[in-house]
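Dropping the structure in here first, questions after.
Labels below follow one simple rule: chain letters A, B, ... track the order of the sequence lines, proteins then strands, and each chain is numbered from 1. This structure is a prediction, so every number in the text was calculated from the model and none was measured.
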Amino acid sequence: MVAPATRAPRTPRRRPIERPTAELGGDLLATKLTPPRTSLRQVSRPRLFDLLDDGTEQLLTLVAAPAGTGKTTLLASWSSSRRPPGPVAWLSLDAGDNDAARFWAYVLAALCRSGAVPRDGALRRLAPQPGSSESFLPLLVSGLAELSTPVVLVLDDLQDITDATVLHGLELLLRHAPSQLRLVLATRFDPPLPMQRLRVSGRLAQVRAADLAFTVPEAADLLAESQGQPILSEEDVALLQARTEGWAAGLRLAALSLEGQPDPHRFVTQFAGDDKSIADYLTGEVLDRQPEELRTFLLRTCIVDELTGDLADTLTGGRDGESMLARLERANGFVVGVGSRRSAYRYHPLFAELLRYELRREAPGQVVGLHRRAAGWYAARGLVVHAIRQALMAEEWPYAADLMARHGPSLILRGDAVTLGDLVRRLPADLVQADPELALLGAADRIVRGDPDAAAAYLPVAPQRAELLSEERRDRFALLLAIVNTALAWQLGDLDQVLVAGEQALALQSRVGTDGVDDDARAITLSTVGAAGLWAGQLDAAELHLREGLAVALRAGLLLQQFACLSQLALLYAVRGEVDEAFRWGTNAVEVAAEQSWSSSMQAAPGYLALAWVYYYWDDLGEASRYADQAAASGAGWQPMTLGLAILRARLQRARGDLAGSLDTLATAHRDLTGWTPPRYLWRWLVLTEADLRSAAGQPQPTSAIRRHLEESGPLSGGEAVALARLQLAEGDPAGAAATLGPFLDGGGPAGFLMVPAEAWLVDAVASDALADHDRAATSLERALSLAEHGGLRRSFLDAGAPARSLLARYRQRVPTSWSYLDELLQASAEAARVTVAAPKLIEHLTEREHTVLRYLPSLMTYEEIASDLYVSLNTVKTHAYGIFRKLGVTGRREAVRSARELHLL
Amino acid sequence: MTLATGDGQTAIVGPVIDQAHLHGLLNRIGDLGLELIGGNPTLGPAASAEVG
């Protein structure tokens, strides 16, 4: 992002962001979003490439065939060829993705990574919220519709998706997909999606088992590639192909077994029958033929999904894991490299299954021990979820429970959606019920799933059971309880409670967890408490917490937590009126967000809001609105953010001359407050903004009443004093204004929300002028001008309106410097005053149903399609649409969309 | 696929082209909560499953 040239050039200081050091955990996302590496020795199969080429000319290509038929390999090699019609977005699914929010978040991440979405594309600002795919999907569709190239979205292992909501979402996507989308679904069996319609309309292509089966020449190629030279006669190849029915895994295993066979012909004629027996036969054959050392290696390492050299060493007790894996990949394709990083590998899923089967048969006693070792390895590296999964597989219940209790805090605070609850549920039920810590984790799971009420109802019971625990565990329990309370209060938007419970958690953390594994939890607690302090107006304490959180996150290499702290610090400076500082941190946060595909994450919202304020002060209203929209998209649903945004939006509307609209925005914000008490400072800010707008609209409230109201809940802060003084001026009480302002002018008193010194001096200048103290007025104006010019704070003068304009004109000769800037302000202020209210106006509020329909209007869907999507009749949709048009004062859909966007209804 | 009902049972008749297709079909029958009574190959390029 570049600051407009009219402003002094700024060079944002770049803060160091460390890359995550975790070997597997931090990058799991990456391996899900990258196709497996393709082997160089792969057989080229142009006929299948042709099928995919043709298929991706239109909407859907279904690749449906059983395990081991080479679906993934085919798609990976096609994706990395030059043949796809556009960038390829890859997503490898697994059973953990049966959660609509997570599924669509991955889809978005895959699309954004593919290179098809421009930096400012709408898709980058999208964020699926739990339980709202109905409103999310139209946005996804319209985001796809604005892409300039086709994009191929590959969903591999779709058979693992069984969740009805996710599948329904896919169905909607298929029904409304714009022409840019080319979907490729790879699955072991036909998905429950309405294929018939697509097939009839010619928008479905299929690649099935019969297509994937190796032909005799392809089988010959594959065998020759593996052996380096053909060792089978044509007849033998044909026989092998017939026996395996061209099954890729079977042929691959056969090739392995053939290595060093004294009599290949005899081997080929020996095995018979169906897939299962081929697999068994060949696995036995392949394994038996390996040197003992390699065989042991394979059997011992097959129990984990992803391997590194070090993990392999832990499992085998050897030291050459790394070179062994590299050799296995190079020599015979037992393993494939995953992700773009160096040293992670996995077995072909089918081969891993066979190996595990073999291990259980051959050495059942070893299985538990191996899982236990893997658990230990993961735990030592902070890869908690993997560790717990392995401990569960080892049926080491107490160990798994201990891991969960120890790492519960970071899992809860990280909001790692479904995971923790799923893990707890896999423990024996009686164990969970008897253990207060695990019971508490059960409550935490409810919070994570966005059901804070159920969790809150449960919490009072938990502490009573804590007496059952040993002393050491009692401390840990107290910590867990404090963390759960913090997370719960955060979700409910009860910031005071976040501060209380969070401080308690921080105190307990420094007492209980000292082994470094807890850095994660500490960084998250710090940033949570810091953010709560920020929104509650305790800016100094918040700054300390956020900076410490940033330091902990830096030290521990926790990228997302660093980002969260950056983003919140940006907002903190904006709220303090330190515009330059807010710009530096905010820009930094936005860049990190773009690099890491976090642009639509919750953590990005404060950074966007900070930049929105910065641009507001710089009087770049377009950029300010743009960032406000991004903050809304990523921070939606969290009440303090919603209210903070409403205040900014109201100021933006007023700056554009839409006073009625701005009052409306605040009235709506007021109405939405039901059931939630905002923190004091935020509430006071709302009251003052509202009073300011009313005064501008000619319906002032008595300032003394407002002041009394404010002082009841605590002393005035600097920003509040400036706002109040402005009201007093408008009321014709310059002496009162000067008195209100006095204590704060030289940096005395708490700064508080949006204390911009330039504004304070400007108000003082207007007051002094009214009191006929012209020398003071000139000095104060001079200071205000120099501060505003230095910081580029044009808006501060424009918002002050006619009194400021008159002051500038009359004192021009008395202010020794900055004439050019003064003239620029005068002109801008005069122009702003001339802005006739031509901006669109909302004649009447939209109903909730009309809002729903409005969200569909930007898409390419017809009214009929909208109706079927909403399960209502066509006439109903039309009625709503005409209602929207009337209220927006427009005559058509396109115009309605534009006008709704300007009114921030979209 | 055609459906023939009667006698408290429903027969679904139609071509099942391969394993993936068959598994997909069986999953759907399961998802609908229907009890699968049996499956019979029929003469010609069609197959049927009876559900109750």
Side-chain angles (χ1 to χ4, degrees), chain A residues 60-72 74 95 98 156-168 170-171 185-200 204-213 244-250 274-276 278-279 350, chain B:
Chain A
L60 177 62
T61 307
L62 179 68
V63 183
T69 45
K71 300 180 291 296
T72 305
L74 169 66
N98 277 301
D156 193 18
D157 285 330
L158 184 74
Q159 75 277 348
D160 286 338
I161 300 302
T162 50
D163 179 78
T165 318
V166 177
L167 289 168
H168 178 64
L170 261 182
E171 190 180 329
L185 301 178
T187 170
R188 289 189 184 176
F189 46 76
D190 288 41
L193 295 169
M195 303 290 178
Q196 192 61 24
R197 258 186 54 190
L198 294 171
R199 192 177 303 144
V200 169
L204 168 70
Q206 303 198 60
V207 179
R208 307 198 62 95
D211 305 308
L212 285 164
T244 57
E245 293 175 340
W247 185 45
D274 56 292
D275 295 352
K276 186 64 191 161
I278 293 177
L350 188 76
Chain B
M1 294 283 157
T2 56
L3 296 182
T5 54
D7 205 13
Q9 296 182 357
T10 302
I12 304 173
V13 185
V16 177
I17 55 177
D18 59 17
Q19 234 190 86
H21 190 193
L22 178 62
H23 280 296
L25 216 54
L26 294 178
N27 281 335
R28 270 224 216 182
I29 291 171
D31 288 346
L32 291 170
L34 299 176
E35 189 191 351
L36 186 64
I37 297 171
N40 298 311
T42 61
L43 284 176
S48 83
E50 283 169 42
V51 290

Where does Ala65(A) contact chain B at under 4.5 Å (heavy atoms): side chain, backbone, both or neither?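 For Ala65(A), the contact with chain B is made by the backbone alone.
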Report which part of Leu62(A) has an atom under 4.5 Å of a heavy atom belonging to chain B: side chain, backbone, both, or neither.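 Neither part; nothing is under 4.5 Å.
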Under the salt bridge (Lys or Arg N to Asp or Glu O under 4.0 Å) rule, what pairs show up with a residue in residues 13-29 of chain B, not counting sequence neighbours?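 Checked against salt bridge (Lys or Arg N to Asp or Glu O under 4.0 Å) - neighbours excluded - the pairs reaching residues 13-29 of chain B are Arg208(A)-Asp18(B).
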Is the count of non-hydrogen atoms from other residues, nucleotides or ligands lying under 6.0 Å from Arg197(A) atom CZ greater than 12?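 Open.
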Does any backbone or side-chain atom of Ile17(B) lie under 4.5 Å from a heavy atom of chain A? Answer side chain, backbone, both or neither.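 The side chain, not the backbone.
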